[in-house]
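Because the structure is predicted, anything quoted here is derived from the model rather than measured.
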Amino acid sequence: MDKIQMKTPLVEMDGDEMTRILWQMIKEELLLPYVDLKTEYYDLGLAHRNETDDQVTVDSANATLKYGVAVKCATITPNAARVKEYDLKEMWKSPNGTIRAMLDGTVFRAPILVKGIEPCVRNWEKPITLARHAYGDVYKNAEIKVPGAGKAELVFTAEDGTEVRELIHNFTGAGILQGMHNTDKSISSFARACFNYAIDTKQDLWFATKDTISKKYDHTFKDVFQEIYDSEYKERFEALGIEYFYTLIDDAVARVMKAKGGFIWACKNYDGDVMSDMVSSAFGSLAMMTSVLVSPTGVYEYEAAHGTVQRHYYKHLKGEETSTNSVATIFAWTGALRKRGELDGIGALCEFADRLDKATITTIESGRMTKDLAQITSLTDVTVLNSQDFIREIRKTMDAMGEGNGN
């Protein structure tokens, strides 16, 4: 059979370390034999970002805005040790942070459920999708180490020179200060992305902050969400039989632990960072967590929720065998291909993405899996596979379904 033809390229963002190795394996074994893959390629590996003064990250984000769909490999956000290791010109910013800011996007993360990997929270029956605001808060903060006694104030100077001041604290000794910000525009984009995603997936939407303590900052989030819901989305939600409600973040945590799942939980930036890791770990593994960045204009960037698997990469460089879970990276590819197929009206591409998803889950449920899953599965007769053999087993499963066109 002929390979599936694509009309519009995907933006392909290559990455770092072990996930970069898996990236190539996935393309060679699971994609290229079946799809005439069209991508606009950007190397977001740390060495190339350094060579281009990180311009390649900006270029990849602009390409995503142009083509509408991107797929991204995990990348390194350098710290001091990485600056030395890679001989960097400077400590480059997080590529994800740059892309999120340029796309004005919201990150939606959801666990991949398979039989034999049961959630730690026994009443969770359906995936819980975390919607994480991707702008501001501690990720764009300003910090000061206070050397000694003095007065700290929050000051806003308007364009006409007028000032608004709020006393933060009268220090009697050393301490620390942190300033955070957000914008009504970004909060509004976050709200609309959440409401649209809830409608697309026909799921209830929860939103939570700490507005009882943060009576201006967090309360603004609450107000913006409610205003947009009431004026733009309420009737559509009611027509679909889905619900939006707001609650305090501590109440939301209690409700989540007692819920059955099957809803979207919208969180501010830091809350979403922490809670998505909690949810993914409780469902089984961060390597079994999908992640998609959605812009308010309908641009999509798919990636795995985990990092570059540094420890496995160092083993790989030594020639040692690794058993690295590639599921979330595979699902990043299938998510992007499915969305490309939807936007371009290519049913065969959507069906291929569905088939590859099913083959991946079926392989695990048949007892063939990587070491991380073997350590937590309730299945009794399992085969632990190395990184490449796991991907090859998925290809065998897909071809055995009778609809593959591989070699």
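Listed by chain and residue number, Ser387 satisfy the side chain to side chain donor-acceptor pair (under 3.5 Å) test with Thr322 (two or more places apart in sequence, or in another chain). Under the salt bridge (Lys or Arg N to Asp or Glu O under 4.0 Å) criterion, Glu365 pairs with no residue, sequence neighbours left out.
A donor-acceptor pair is defined here as one N or O able to donate and one able to accept, closer than 3.5 Å; no such pair exists between the side chain of Arg109 and the backbone of Asp277. With hydrogens and angles ignored, the 3.5 Å screen pairs a side-chain donor or acceptor of Asp218 with a backbone N or O of Lys210.
A salt bridge between Glu232 and Arg192 is present, with a side-chain N of the basic residue lying under 4.0 Å from a carboxylate O of the acidic one.
A 4.5 Å side-chain heavy-atom check between Met18 and Thr308 finds every atom pair outside the cut-off.
Nearest heavy-atom pair, Thr162 versus Asp160, reported as atom, atom and distance to 0.1 Å: OG1-OD1, 2.7 Å.
For the atom pair Ile330 CD1 and Trp23 CH2, the distance stands at 11.5 Å (nearest 0.5 Å).
Among the candidates Arg132, His133, Lys140, the single residue satisfying the side-chain hydrogen bond (donor to acceptor under 3.5 Å, both in side chains) test with Asn269 is Arg132.
Note on ring orientation: taking the six-membered ring where Trp is involved, the planes of Tyr313 and His316 are parallel (angle under 30°, cut-offs 30° and 60°). Between Tyr229 and Phe237, the ring planes are perpendicular. Angles over 60° get that label, and only those under 30° would be called parallel.
Looking at Trp206 and Glu243, their side chains never bring a donor and an acceptor atom within 3.5 Å of each other.
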